[in-house]
Number of protein chains: 2
Amino acid sequence: MVAQVRRFNRVVTQQVGALNDRFLARDRPLGESRLLWEIGADGRDVRSLRTALDLDSGYVSRLLRSLESAGLVATEPSGADRRVRLARLTDAGRAERRLLDERSDELAALLLATLPERQRERLVAAMAEVERLLTAATVRVAPADPDDAAARHCLRAYAAELNARFEGGFDPARSIRADAADLRPPAGLLLVATLHGAPVGCGALKLHGAEPAELKRMWVDESARGLGIGRRLLAELERHAAEHGAPAVRLETNAALTEAIALYRSAGYAEVPAFNAEPYAHHWFEKPLPPQA
Amino acid sequence: MVAQVRRFNRVVTQQVGALNDRFLARDRPLGESRLLWEIGADGRDVRSLRTALDLDSGYVSRLLRSLESAGLVATEPSGADRRVRLARLTDAGRAERRLLDERSDELAALLLATLPERQRERLVAAMAEVERLLTAATVRVAPADPDDAAARHCLRAYAAELNARFEGGFDPARSIRADAADLRPPAGLLLVATLHGAPVGCGALKLHGAEPAELKRMWVDESARGLGIGRRLLAELERHAAEHGAPAVRLETNAALTEAIALYRSAGYAEVPAFNAEPYAHHWFEKPLPPQA
DNA sequence: TCCATTCTCTGACCGTAGTCAGATGATCCT
DNA sequence: AGGATCATCTGACTACGGTCAGAGAATGGA
């Protein structure tokens with residue numbers, strides 16, 4: 001297995017990696033091309049560029065100066081905070097970026113060009129699978145405080161999604177509460193999944209001593225579905241619950257959340273009679289946990 | 001399709017490419033590590049290193065000097081041609097290379113680590129497919145003169161394989177002859193498939209004006225089977241035959257060559273009565289060609 | 001209000017990768 | 001034997017990517 005991965009790395013970095021860079025750097029230094037690309041059509045503040053590309057502030061500054069003197073980029077102070085500067089593409093810069101775009105398309109087409117139709121389809125399908133799973137492999141799941149920026153983003157997105165999907169909307173005030181304190185150890189646990197630093201999912205647990213633990217706030221961003229993040233969050237939370245002596249995990253859910261219900265069922269949850277009076281719930285599930293040694 | 005390829009390129013070059021380099025370069029410049037790796041356990045002459053890595057001769061020389069002064073490599077004049085020098089790893093160099101090897105394994109394991117077993121298997125399978133098809137996509141098929149070094153290598157390998165696989169061996173003198181002149185335009189055509197410059201397959205055609213053309217010398221190196229090279233050679237040769245007015249392509253083959261027979265059948269060839277007296281043949285096939293406009 | 005912090009920029013600096021033009025010695029060809 | 005060619009090496013040079021230490025302006029908090 002490891003040998004196959006290494007073979008893959010070798011072939012792909014040679015074939016794709018090298019070509020990619022050569023295509024991107026057309027007479028201009030690679031760093032500048034990358035920056036040009038990252039600025040994007042709508043402009044972007046220098047600070048976010050720095051963190052996105054993980055570069056030294058002095059270095060970014062110099063690259064911007066160079067792009068500026070080439071007439072591709074213009075910078076201006078940002079309106080809100082006049083310390084940060086905003087980089088925008090000029091018309092020439094936009095044209096250059098479009099060109100990079102076309103070259104990337106050409107490169108992609110070139111990779112496919114020599115293959116007959118059937119193999120081409122198989123290659124693209126396999127690429128999609130590799131990309132999906134490699135992305136999944138870089139998702140990090142870690143405990144977070146409910147007041148963290150990432151955690152709050154997730155919890156807001158969670159409420160917004162319920163509101164959008166429930167028939168008649170979702171009003172948190174009518175629902176059974178789960179305050180920040182309930183999701184913080186030792187009372188509970190909040191896990192946040194991040195991809196390249198951006199929050200893409202969460203899930204929480206409320207512990208009740210020797211009583212079953214409650215599962216709360218399961219949410220995965222639309223852009224990150226299909227990567228098995230929900231399943232990972234669920235497994236981690238169950239492990240945590242078991243470690244803290246919970247004999248089972250239970251949860252309530254709304255009929256509109258069909259994927260979530262499918263996930264619970266496939267993870268071994270069985271439907272049980274209502275164990276609380278949550279007004280938004282249609283189904284109640286429970287899964288016994290193995291007792292800890 | 002192109003968009004998927006681009007997404008793949010982005011994700012993979014980031015994830016795999018960058019990591020790969022960081023792992024290989026452990027405090028030492030990347031170029032040196034790569035060279036150390038390429039020298040291999042048995043040593044290698046400087047010339048082949050230069051062509052394999054596609055580097056300037058002066059640059060390679062300097063890298064070798066640096067590795068030498070670090071005590072990792074020793075060079076000596078080659079026995080045969082005293083202009084070329086041979087680079088060998090010292091014990092320390094061998095240890096260092098082993099370390100790189102281990103780190104590559106670690107890297108590969110790291111990529112898989114966060115995934116659950118099932119996704120891991122799917123990732124590795126998809127990687128194998130991408131690697132295989134990407135390799136297939138870089139195979140070049142081009143006409144060659146039968147006296148070229150690459151062509152001669154293929155023709156020798158072809159005869160050697162027949163000799164190994166035919167019951168009772170294969171003696172070219174007893175078989176119907178096909179001289180170099182027969183495979184050279186306008187009498188015929190020889191195609192050679194190369195992968196990174198190394199010959200990995202061939203196929204030839206003898207034209208007979210308005211009579212069916214004859215297929216000859218189909219061979220694919222064992223290391224390159226399963227990449228669709230045989231099928232590509234066959235298709236190219238058929239195209240060529242049709243362009244030169246051949247109404248059909250026909251061929252004779254030995255019962256031992258089961259994959260070849262399967263290929264012919266699946267490409268639309270039908271078995272016909274013997275049309276010549278080739279002593280090594282058990283089967284004769286023919287495929288009609290569409291008339292050219 | 002003052003002090004600490006944040007953001008950007010400049011100048012100085014470094015190592016790596018890579019190119020180019022010979023010089024030297026070995027080999028091949030005639 | 002002599003000239004052309006080849007493999008290697010050295011020296012000089014360049015661009016690129018990147019780091020570090022401030023300086024200066026803007027902002028936020030006590």
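Source: prediction; values computed, not measured. All chains are named by letter (A, B, ...) in the order of the sequence lines, taking the proteins before the strands, and each is independently numbered beginning at 1.
A distance-only check finds a donor-acceptor pair linking the side chain of B/T135 to the backbone of B/E131 [under 3.5 Å]. Side-chain atoms of A/T90 come within 3.5 Å of backbone N or O of A/G71 as a donor-acceptor pair.
The number of heavy atoms from other shown groups lying within 6.0 Å of CG (A/D54) does not exceed 12.
When the C1' atom of C/dC20 is taken as reference, atom OH of B/Y59 falls 15 Å away, rounded to whole Å. Atom CZ in B/R28 sits about 11 Å away from atom P in C/dT16, given to the nearest Å. Taking atom CG of residue B/L63 and atom P of nucleotide C/dG15, one finds them 16 Å apart after rounding to whole Å.
Looking at which nucleotide of DNA chain D each of A/P29 and B/D56 is closest to, the 5′-most match is held by B/D56.
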Open item on the list: Can you build the contact string for nucleotides 2-9 of chain C? Use B for base contact, S for sugar-phosphate-only contact, and - for no protein heavy atom under 4.0 Å.
Closed with: ----BSBB
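Where DNA chain D meets chain A (any atom under 4.0 Å from a heavy atom), the bounding nucleotides read 5' to 3' are D/dC16 to D/dT27.
The base of C/dG11 is paired with the side chain of A/R62 by a donor and an acceptor separated by under 3.5 Å.
Ionic pairing of B/D101 and B/R98 is not present here: no N-O contact between side-chain nitrogen and carboxylate oxygen is shorter than 4.0 angstrom. For the pair B/E68 and B/R65, the salt-bridge criterion is met [side-chain N within less than 4.0 Å of a carboxylate O].
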